[in-house]
Each structure stands twice: as structure tokens, then as C-alpha cells.
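Below is one structure, written out as C-alpha cells; comments come after it.
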Amino acid sequence: MIKVILDCDPGQDDAFAIMRAAQHLDLLGVTTVGGNGFLPNVTRNALVVLEQIGHTEIPVYPGHAGPSTHELVTAPNVHGKSGMDGPVVTEPKRKPEEKHAVDFIVETVMNTDDVTLIATGPLTNIAAALNREPGIAKKAAGLYIMGGGAYAGNWTPAAEFNIWVDAEAAYKVFHSGIDLHMVGVNLTRQCPVDAKFIAGLRAIGTHAAVFSAELCDFFARGGDAHLHDACAVAWLIDPSLIESAYLHVDIELNGTLTRGMTVTDMRHLQTTKRDVDIDLSSTARWDDHEEGSPFRGQAPNTHVAMRLNYEKFVELVQETMRNYL
Ligand code: BDR
Ligand code: CA
């Protein structure tokens, strides 16, 4: 099984990421970061999810409460007061670990071969780990993030929430040289949490499935929700679910309208007469242009998720929920 650490800020969609990772990956630990909600809430929520699915052996390490450069902005409008409103649950019996998330990430990656990192919240902890030990970028097997978007935002017209919350951390990560897989909102918009999806979960009837359906009832109350974070985990579990393009992505730190945008260089994808027909396999054309030419751009640094097989994604989520009690 693939060894992973999941850094998250649960979050209804983070909860799905945890539930899938705990079953299909070797989840060495869950680390938490201030994002959707404040750190004590998201840490409690991670413990709740693991308890609901009977995985209390997986440790939870709290990390940074927010960005080092500015105040944290949370999203109670999306996730509710607790950061993961919906199901009524008893408080978790377990406490989180004493060790800081960044210590856990650095020690685990540097002392274990082939650990893949997954981040489904702001990149504050991952950037701090890279600052502490730059060797992580090469030692880790890779990093899968939910964040950003190729020409799409959700928190602002240009920026996605996780990147916007701590753009400086994202800049550090995207410039670190780590093998980076980006699941942005251009992809997760293909993953709706609609009435059919929720009914499908509820019909399974296991405790985990009903818990998941109740998370979705709240998450989708406004009628336009997407299961963002589960897509990043799903890509690692089954790479055939997502088609991607290898592109150069950089983070806008200064734009007055575009701060936090993942500026994605799609100029060298082979185009046909219609944009929807873009040939995603033609990503290496960046070096067709001479060095110094403004059209050459920079070498690709990110596998950018572009197309999701939603039907198969749903089947796999259902299978996960069926396998839990
Ligand atoms: C991201 O922000 C959070 O609200 C979700 O959990 C997801 O990680 C989507 O923009
Ligand atoms: Ca999240």
C-alpha cells in the first residue's frame, strides 16, 4: 500500500479524503492545519471522522493555526460553525498527539522511503516542513494537493480558497521542486455533490455511508457543492480516474484582483479549433520555443488535473462506504 500523510482541515470534503485514505492507503498519520475552521475545531473533526470509521489507531497531529504572514480567514459560510457541520456525533474519546504536525512530517518523510504527502487545506504546514528540511522535496514520493485551479477560482474570481488563504506558503511549495500534483477547482467542478450522489450514499446503509450522507446534506444545502478534497486522494488511489497535463504553475502574490491565483501556463498545450478538444498529451511543447522568447515560458513543474471520470469516482466512493461497518 502507498504510504501517505494527509494534511487537512476537515471540512466535509476533507472527511471523505480521510475515509478513503484510511481504507485504500497506508495512512501513517493525519496532520491538521487552520483553514476551513480554526485549528482546535479541525483537529477535533479529524478525530471524529477517524472514530466514526473505527480507525482510532491512526494518529492526529495538530499543526499551524494559520499563516505566518497574516491572519487566518476561515469559511464558516461553507462548512458551518464547527468547520464540519452536519451529522450529530458524540465528542471523540481520543486526544490529538503532543507532537507538532511539522515535526511529524519532517521526521516521517526523512526516515521512511516513499512517503507521499497529500494536502487538502492551506499549505501552511507543508511549507513550514519544507523550510525546516528542504530535503523533503526530493525524499518524499510526491505531493498531491487540492488547491488552485487552471483558470478558475472559487473564493475570488481568480483564486481558490486553500491557495488564497496562505498564498506565501503555496509559493514556497510550488517553487520547492517536489513532484507536485494539483487538483484545482477546474477539476473539482466536475465532481458535484448532488441529490443523486447523496441518495446513493444513504442507500448503502452502513454507518460510514449514513455519516457521509449527513455531511453532504449540510455541505450541499446551498445547492452547488463539490467534493474537492476527495478528488486529490482518489487520484493517488486510482490514477486512471483523472487525466492531467504537465504544466508550469506559479502563484500570484501581488495582484490586486488575482492574489492567490495559480497562474497556469497552458499556452503550449496543442489546441484544436475548440478549446474543449485540447490535446492533454501535448504538454512538452514549452521547449519548442527558443530560450529568451516570451512564448517559451518556464519548464513544467506541476501535474495539473484536467478531466475526471465522475461515474467511476462515485462507484469507488460507494465501495469505500460499503466496506466500512
Ligand atoms: C477547498 O476549500 C475548502 O473549503 C475545502 O475543504 C477544499 O479543501 C475548496 O476550495
Ligand atoms: Ca479542505
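Note that ligands are numbered from 1 as they come in the structure, with each ligand's atoms numbered from 1 the same way. The figures here come from the full heavy-atom set of this structure, side chains too, leaving out hydrogens, waters and symmetry mates.
Close contacts of ligand 1 with Asn36, meaning ligand atoms under 4.0 Å from a residue heavy atom, involve 2 (O), 3 (C), 4 (O), 5 (C), 6 (O). Those atoms of ligand 1 that come under 4.0 Å of a heavy atom in Asn154, given as number and element, are 9 (C), 10 (O). Set against the non-hydrogen atoms of Met146, the atoms of ligand 1 under 4.0 Å away are 1 (C), 7 (C), 8 (O), 9 (C).
The side-chain heavy atoms of Leu39 and Thr32, taken from C-beta on, include a pair separated by under 4.5 Å. A heavy-atom distance below 4.5 Å is found between the side chains of Phe16 and Met321.
Here atom 1 (C) of ligand 1 lies nearest to Glu160 when heavy atoms of His226, Glu160, His79 are compared.
Annotation: the span from Thr120 atom OG1 to Asn162 atom CG amounts to 7.0 Å, rounded to 0.5 Å. Between the CD1 atom in Ile126 and the CG atom in Asp166 there is a gap of 11.5 Å [rounded to 0.5 Å]. The distance from atom OG1 of Thr206 to atom OH of Tyr324, rounded to the nearest 0.5 Å, is 10.0 Å. Between atom CZ of residue Phe197 and atom OH of residue Tyr310 there is a gap of 6.0 Å, rounded to the nearest 0.5 Å.
Annotation: Thr120 places an N or O atom under 3.5 Å from an N or O atom of ligand 1; distance criterion only.
Note: Phe104 and Tyr61 have parallel aromatic rings, judged against thresholds of 30 and 60 degrees for the angle between ring planes.
Within 6.0 Å of atom CD in Glu57, more than 12 heavy atoms from other residues, nucleotides or ligands are found, so the atom counts as buried in its surroundings.
Counting protein heavy atoms only, atom 6 (O) of ligand 1 is closest to Asp13 OD1, 2.7 Å. Summary of contacts: the protein heavy atom closest to atom 8 (O) of ligand 1 is Asp229 OD1, 2.6 Å.
In this structure, Asp14 has a heavy atom closer than 4.0 Å to ligand 1.
Within the 3.0 Å limit, Asp9 places at least one N, O or S atom next to the Ca ion (ligand 2). For the Ca ion (ligand 2), the set of nearby N, O or S atoms under 3.0 Å includes one belonging to Thr120.
Remark: at the Ca ion (ligand 2), atom OD2 from Asp229 and atom OD1 from Asp14 enclose 70°, rounded to the nearest 10 degrees.
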